[in-house]
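Positions are given from 1 along the sequence. For the numbers below, each heavy atom of this structure counts, side chains included, while hydrogens, waters and symmetry mates do not.
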Amino acid sequence: MYMEKLMRLIEMTPLLLLLFLPSAFAGHDYNQALSKSILFFEAQRSGYLPHNQRVTWRANSGLNDGKASGVDLVGGYYDAGDNVKFGLPMAFTITMMSWSIIEYGKQMGANGELGHAMEAVKWGTDYLIKAHPEPYVLYGEVGDGNSDHYCWQRPEDMTTNRHAYKIDPSNPGSDLAGETAAAMAAASIVFRRSNPAYSTELLRHAHQLFEFADKYRGKYDSSITVAQKYYRSISGYNDELLWAAAWLYQASNNEYYLNYLGKNGDSMGGTGWAMTEFGWDVKYAGVQTLVAKFLMQGKAGLHAPVFERYHQKAEYFMCSLIGKGGRNIQKTPGGLIVRQRWNNMQFVTSASFLATVYSDYLASSRGSLKCAAVNVAPSELLSFAKSQVDYILGDNPRATSYMVGYGNNFPRQVHHRASSIISFKVDPKFVACRQGYATWYSRKASDPNVLTGAIVGGPDAYDNFADERDNYEQTEPATYNNAPLLGILARLGGGHGGYNQLLPVVVPAPNPVVAKPKPAPKPKFTPTPATSSNPITIEQKMTTSWNAKGKTYYRYSTIVTNKSYKTLKDLKLSISKLYGPLWGLSKSGNSYGFPTWLNSLPAGKSIEFVYIHSTSPADVSVSSYNLA
């Protein structure tokens, strides 16, 4: 029954793969993925683009933002596939980018990407400084989702309302001000060594914003009501106040913030909420992870009993990730954690980041994770994070990379205005509000601009994914999907390095030194029999497995390569002992041939097809072919 359900669900979106590299299943290039994931932020830039802009299909946009309110709000980031600047997710994005650099800046430096990562943070903090013109005033949104979503336009063509919305003592927003304080504080650590004056300025804003958030309490979406439909603060503001205090303590070593965490941990939920998610709205798991770090560093002092309760909740979260907790996080059959239908990938990257840093905190303190009376090695948390990243990069039942531009099979119809419409630099002819929907949104074709590095919303609870522009739940990217991923990719690409993750943080100055790439591990292929006279090779590999309803299922990848010096046509394959669904070939009678979109295979090229069943590999052999 399970297999029939799986077949019905996935047959709706057949998998068609064409591989031009025989080594497609070599280990993932985490350093390349890191470079691409940082590049994505340049595509999301608003304002005057700099001379060193690498995403060249974008141009200046939002140049009058804030003008009607008498404030300069030019710059910052568009949050996702639209053209609105939402303050809460933007601040969280900057916090998580900064945390990634704080923990793994050394590895980013070795990869030559630290400078790019710091530029991505500064593009955001420069805007946040502008958005905070007075101690108790913070602009939290430019544009509104309703008018923006009515139009499908390039940022360069925007004709939508660009009203600026703010919070102040009469219209408070403790969650927004708290998250922005956290972002400023975390970023101040990033720039402490390379730009001390800027670091000091950021920390000054962070102190003021925390005071504003704590003194004038209220939910930001009660003040900026246009945000409710898009970024409603479900969790309230207590988690952001604790989160901001944790970051301000880490940035300043001011005991006031440590005491704040100790005195308010119980009443504000820091020690009470047992979480199974972490993201732009709910910060408790992040607070608990940071406070657990302070405890391991021996900084708790008189607050040790309270900090231990934070620590216990941090461990609850980590145990739930690896399936050894009291309430475990749901996973797809292919192993991806599942929280919700719409943009599930945001929770995958955020949770995986916490698992990565907590693994290193434990390893540095020579500790272990305690799950339901079972001690778990720190390496198991890192292995979990790696499994999630590998899934994102293509090790999944669909063999789809959910990072645009990485691998061979990635989303081509991304729900993103700028990437889906021809570049302003190629054709500056104005694209009107509704014209964009008629001409570009509805096109059943690949985006004219590749949104390199973007992490899209991802598959559903059954590993299914439809690469369609109107499928915004799955194909829309977001900055907060990418931000936590920077740290994990740097960690996986650069290794631990043998240093203590609990020592004081020193982010190195950016240095464009590119480390020599490590040779990728060679995969172990299981070749099917082929005669020496046969110019076609067939190699199979089991790429993943999972348990469902007491049964183990295996996903096999099969690569067919034309080893001749001629073009391969009319290929017929015989496949026996196949007991599940297959994608990437077309069936005719009892044999299989090229997918419908492929007529021939050039010399030296390969195609891949995949199948799933619950036993050993199927028997695959060549029945007939022609060389021309």
Between Glu119 and His116, is the side chain to side chain donor-acceptor pair (under 3.5 Å) condition met? List the steps. CA-CA 5 Å; Glu119 285 173 6; His116 290 140; 5.0 Å; no
In short, Pro448 meets Ile421 closest at the heavy-atom pair CG-C, 3.6 Å
Sequence neighbours excluded - ring pair (Phe, Tyr, Trp, His ring centres under 6.0 Å) pairs with any residue from residues 32-71: Phe41-Tyr77
Could you list the residues that satisfy side chain to side chain donor-acceptor pair (under 3.5 Å) with Thr93, not counting sequence neighbours? Thr479
Side-chain donor or acceptor of Thr561 paired with backbone N/O of Lys563 under 3.5 Å: no
Please name the pair of heavy atoms, one in Ser401 and one in Leu393, separated by the smallest distance, quoted to 0.1 Å. CB-O, 3.7 Å
Establish, from distance only, whether the side-chain atoms of Arg443 and Gln413 form a donor-acceptor pair under 3.5 Å. no
Carefully, step by step, assess Lys166 and Glu141 under the rule salt bridge (charged side-chain N to carboxylate O under 4.0 Å, His left out). CA-CA 7 Å; Lys166 68 180 179 179; Glu141 184 172 329; over 6 Å; no
Taking Ser222's backbone N and O only, do any of them form a donor-acceptor pair with Thr225's side chain (distance below 3.5 Å, no angle check)? no
Among Arg417, Met90, Gln44, find the one that has a side chain to side chain contact (heavy atoms under 4.5 Å, CB included) with Tyr78. Gln44
If a pair satisfies salt bridge (Lys or Arg N to Asp or Glu O under 4.0 Å) and one of its residues is in residues 335-349, list it, with sequence neighbours excluded. Glu277-Arg339, Arg341-Glu473
N/O donor-acceptor pair under 3.5 Å between Asp427 side chain and Lys429 backbone: yes
Is the closest side-chain heavy-atom distance between Val431 and Thr439 below 4.5 Å? no
Inter-residue atom distance Ser352.OG - Leu485.CG, 0.5 Å rounding: 8.5 Å
From CA spacing to verdict: side chain to side chain donor-acceptor pair (under 3.5 Å), His415, Asp470: CA-CA 7 Å; His415 184 90; Asp470 61 357; over 6 Å; no
So disulfide bond (SG atoms under 2.5 Å apart) across residues 32-100, not counting sequence neighbours, yields none
Can you list the residues that meet the ring pair (Phe, Tyr, Trp, His ring centres under 6.0 Å) rule with Tyr198, with sequence neighbours excluded? Phe191
Does atom NZ (Lys67) have a neighbourhood of more than 12 heavy atoms from anything else shown, all under 6.0 Å? no
Pairwise salt bridge (Lys or Arg N to Asp or Glu O under 4.0 Å) hits with a residue in residues 592-604, at least two apart: none
According to ring pair (Phe, Tyr, Trp, His ring centres under 6.0 Å), who are the partners of Tyr437, at least two apart in sequence or on a separate chain? Trp152, Tyr441
Taking side chain as C-beta onward, heavy atoms only, is Asp79 less than 4.5 Å from Tyr231? yes
Would you sort out whether Glu156 and Arg58 count as a salt bridge (charged side-chain N to carboxylate O under 4.0 Å, His left out), showing the intermediate values? CA-CA 8 Å; Glu156 296 84 358; Arg58 280 294 323 283; 2.8 Å; yes
Within-4.5 Å side-chain heavy-atom neighbours: Arg469 and Val414: no
When the ring planes of Tyr391 and Tyr402 are compared, do they come out parallel, tilted or perpendicular, using 30° and 60° as the limits? parallel
Side-chain heavy-atom pair Leu336, Met345 within 4.5 angstrom cut-off: yes
Ser600 meets the side chain to side chain contact (heavy atoms under 4.5 Å, CB included) criterion, sequence neighbours left out, with Thr567, Lys569
Looking at Pro411, is its backbone amide N or carbonyl O close enough to the side chain of Asp467 to form a donor-acceptor pair, meaning the two atoms are under 3.5 Å apart? no
Is there side-chain contact between Thr543 and Asp395, with at least one heavy-atom pair below 4.5 Å? no
Thr349 and Ile392: side-chain contact (heavy atoms from CB on, under 4.5 Å), yes or no, with the steps? CA-CA 9 Å; Thr349 58; Ile392 292 171; 4.0 Å; yes
Minimum side-chain heavy-atom gap Lys36-Met403 below 4.5 Å: yes
Applying side chain to side chain contact (heavy atoms under 4.5 Å, CB included), can you list everything that pairs with Ala117, at least two apart in sequence or on another chain? Ile38, Ile101, Met108
Determine the interplanar angle of the Phe278 and Trp99 rings, folded into 0 to 90°, and report it as parallel if under 30°, tilted if 30 to 60°, perpendicular if over 60°. perpendicular
So does Ser188 get a backbone contact from the side chain of Ser199, meaning a donor-acceptor N/O pair under 3.5 Å? yes
Would you please name every residue forming a side chain to side chain donor-acceptor pair (under 3.5 Å) with Asp281, sequence neighbours left out? Ser235
Are Tyr139 and His132 close enough, and set up right, to give a ring pair (Phe, Tyr, Trp, His ring centres under 6.0 Å), and what steps lead you there? CA-CA 7 Å; Tyr139 283 85; His132 183 224; over 10 Å; no
State which residues pass ring pair (Phe, Tyr, Trp, His ring centres under 6.0 Å) with Tyr127; sequence neighbours excluded, sorted by chain then number. none
Glu468 and Thr475 side chains, donor-acceptor separation under 3.5 Å: no
Derivation of the salt bridge (charged side-chain N to carboxylate O under 4.0 Å, His left out) call for Lys386 and Asp390: CA-CA 6 Å; Lys386 181 180 183 297; Asp390 288 347; 2.7 Å; yes
Ignoring hydrogens, what is the shortest heavy-atom contact between Ala181 and Leu209? Give both atom names and the distance. CB-CB, 3.8 Å
Are any of the side-chain heavy atoms of Phe410 and Thr400 separated by less than 4.5 Å? no
Quick check: closest heavy atoms across Ala351 and Ile337, and the distance to 0.1 Å? CB-CD1, 3.9 Å
Set out, in order, the CA-CA distance, both residues' side-chain angles and the distance that settles side chain to side chain donor-acceptor pair (under 3.5 Å) for Asp175 and Ser233, then state yes or no. CA-CA 8 Å; Asp175 31 20; Ser233 181; 2.7 Å; yes
Just by modelled atom types, is the Gly335 backbone N or O under 3.5 Å from a matching donor or acceptor in the Thr332 side chain? yes
Please tell me if the side chains of Leu571 and Leu601 come closer than 4.5 Å, counting only heavy atoms from C-beta onward. no
Using ring pair (Phe, Tyr, Trp, His ring centres under 6.0 Å) as the criterion, list what pairs up with Tyr165, not counting sequence neighbours. His163
For residues Asp463 and Asn396, is any side-chain donor paired with an opposing acceptor at under 3.5 Å? no
Taking all heavy atoms of Arg154 and all of Ile422, pick out the closest pair and write down the distance. NH1-O, 2.7 Å
Return the CZ to OG distance between Arg162 and Ser69, rounded to the nearest 0.5 Å. 12.0 Å
For side chain to side chain donor-acceptor pair (under 3.5 Å), just list the numbers for Gln153 and Thr159, CA-CA rounded to whole Å, side-chain angles, deciding distance to a tenth of an Å, and then say yes or no. CA-CA 8 Å; Gln153 290 177 289; Thr159 56; 3.1 Å; yes
